[in-house]
Amino acid sequence: MTEGLPMAVASQGLPPRVRIHEVGARDGLQNEKAVVPTEVKAEFIHRLAGAGLTTIEATSFVHPKWVPQLADAEQLFPMLDDLRGSGAPVALPVLVPNARGLDRALALGARDIAVFASATESFAKANLNRTVDESLAMFAPVVARAREDKMRVRGYLSMCFGDPWEGPVPVHQVVRVAKALMDLGCDELSLGDTIGVATPGHVQTLLAELNEEGVPTNAIGVHFHDTYGQALANTFAALQHGVTTVDASAGGLGGCPYAKSATGNLATEDLVWMLNGLGVETGVDLGLLTATSVWLAERLGRPSPSRTVRALSHKE
Ligand code: HMG
Ligand code: MG
């Protein structure tokens, strides 16, 4: 019996509202073994919007050989046009690594893009075939052109808390690349715990260090993968620090094809359950969202790993 639950009991010092940056259709589906049909992706994104999500990362304009799961970006993106034109428009960010990717995104009228850097050399090489500095040089003209076009630009930063090849990643190393992304002109930074090894003290230390170095909290989002079950605790730590943008994927879908130890992101349902309990507004209807993840899980042929989805969809 979950009617009226969780009971909303506020915790001091938290933001009144959080913007969820939904990444299931991109971070989630890029890691599926099976290629999901384009129509299913389009319906998934429409359902996410129907559940109240207002920032839904749609796809990536990367090399189709690198991420075949998202090779249908040209077919998918126009199927979402109605979402961008409606009375309450939904932002549909897309990943763009280079000038070629930006051309493809612009040709379809994308307004929100994300470049994606790495705090470590190993992942920069594995994910972008570049050193960290070479990838920043690749992003520079992309961000400049996007800004000229008045697009919104997010800068992802991966491996902020640990790297599968290099182990612990020093905070100063993360801060250097974070600042470089902001200096390129990114509007927002998303701190990626790509392999899910962060713990709350580490999160707060990195956030404090970024503030110290001039990156304001209101420009920072957090992107936790849930490999070790720490994503919600890490999110709570970030909220206590004042972060109001949290990435999550419906049903806990996801991972990263170029970082083997990455599992799914923080599940959006688990996040919304916690925020509902804290009385923090998200605008998301948890029932509709859960139904969406159950619907998608049926199409993927396996149950959602989200505890909240499982609990709420349990038939008595
Ligand atoms: P490269 O092989 O070095 O590419 O890959 P290149 O620049 O040498 O170009 C080679 C060929 O690719 C050329 O074609 C280009 O035109 C073409 P050719 O002249 O030989 O016929 N090409 C493209 N085609 C279509 N779209 C493009 C594109 N770019 C070049 N955009 C590249 C470099 C960056 C392209 C490649 O490494 C790549 O696509 N990487 C993407 C990897 C990826 O998407 N990873 C997952 C997202 S990151 C993530 O999940 C982490 C995150 O969630 C945060 C976290 O959790 O930490 C964001
Ligand atoms: Mg990710």
Side-chain angles (χ1 to χ4, degrees), residues 21-32 57-74 77 93-108 110 113-120 122-132 134-139 141-142 145-146 153-164 169 174 177-178 181 186 188-198 206 220-227 231 234 245-250 252-268:
H21 184 109
E22 168 62 45
V23 297
R26 192 281 303 170
D27 207 346
L29 298 185
Q30 77 180 8
N31 208 42
E32 278 303 310
E57 208 163 88
T59 186
S60 298
F61 291 95
V62 297
H63 197 296
K65 280 205 195 112
W66 283 64
V67 185
Q69 293 87 343
L70 305 183
D72 61 351
E74 263 77 12
F77 204 73
V94 292
L95 261 59
V96 160
N98 54 15
R100 179 76 208 283
L102 182 60
D103 288 340
R104 293 173 59 201
L106 277 171
L108 296 173
I113 61 158
V115 294
F116 44 106
S118 170
T120 65
S122 305
F123 188 62
K125 186 75 189 154
N127 201 42
L128 292 161
N129 197 25
R130 302 281 187 283
T131 65
V132 170
E134 283 166 356
S135 40
L136 290 169
M138 177 168 75
F139 302 145
V142 173
R145 217 169 107 210
V153 184
R154 160 176 261 226
Y156 273 110
L157 185 53
S158 288
M159 304 299 174
C160 288
F161 301 93
D163 173 283
V169 181
V174 179
V177 191
L181 279 170
C186 292
E188 174 180 272
L189 189 66
S190 173
L191 302 175
D193 182 18
T194 321
I195 57 169
V197 293
L206 176 58
I220 301 175
V222 287
H223 180 103
F224 296 120
H225 285 259
D226 205 22
T227 324
N234 291 334
T245 300
V246 180
D247 298 6
S249 80
L253 288 166
C256 177
Y258 292 102
K260 284 303 160 221
S261 30
T263 61
N265 296 78
L266 166 63
T268 314

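In listed order, ligands and their atoms are each counted from 1. Treat the numbers as computed from the prediction; the structure is a model and nothing was measured.
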### Query
Considering residues at least two apart in sequence or located in another chain, which fulfil the side chain to side chain donor-acceptor pair (under 3.5 Å) criterion with Asp72?
Thr38, Lys41
From the options [options], select the one whose nearest heavy atom is closest to [atom].
atom	options	result
atom 2 (O) of ligand 1	Tyr156, Phe116, Trp66	Trp66
atom 26 (N) of ligand 1	Lys125, Arg104, Met138	Arg104
atom 7 (O) of ligand 1	Arg154, His63, Arg130	Arg130

Show me which atoms of ligand 1 lie under 4.0 Å from any heavy atom of [X].
X	result
Val67	43 (C), 44 (O)
Ser158	51 (C), 54 (C), 55 (C), 57 (O)
Asn127	37 (O), 40 (N), 41 (C), 42 (C), 43 (C), 45 (N), 46 (C), 48 (S)
Phe61	27 (C), 31 (N)
Gly101	31 (N)
His223	53 (O), 54 (C), 55 (C), 56 (O)
Asp27	50 (O), 53 (O)
Leu95	47 (C)

### Query
Can you tell me the angle formed at the Mg ion (ligand 2) by NE2 of His225 and OD2 of Asp27, to 10°?
100°
For [X] and [Y], indicate whether the former's side chain and the latter's backbone hold a donor-acceptor pair under 3.5 Å.
X	Y	result
Thr194	Met159	yes
Glu32	Gln69	no
Arg104	Val62	yes

#### Entry: Shortest non-hydrogen contact from Val96 toward Leu102
CG1-N, 3.4 Å
### Residues forming a ring-ring contact (aromatic ring centres under 6.0 Å, His included) with Phe224, sequence neighbours excluded
none
### Task
Determine the sole option in Asn265, Asp193, Thr245 for which the side-chain hydrogen bond (donor to acceptor under 3.5 Å, both in side chains) test with His223 is passed.
Asn265
### Query
Can the positive tip of Arg26 be found less than 6.0 Å from the middle of the six-membered ring of Phe116, inside 45° of the ring normal?
no
#### Entry: Pair Ser158, Asn127: side-chain N/O donor-acceptor within cut-off below 3.5 Å
no
### Query
Can an N or O of Asn98 be found at a distance shorter than 3.5 Å from an N or O of ligand 1?
yes
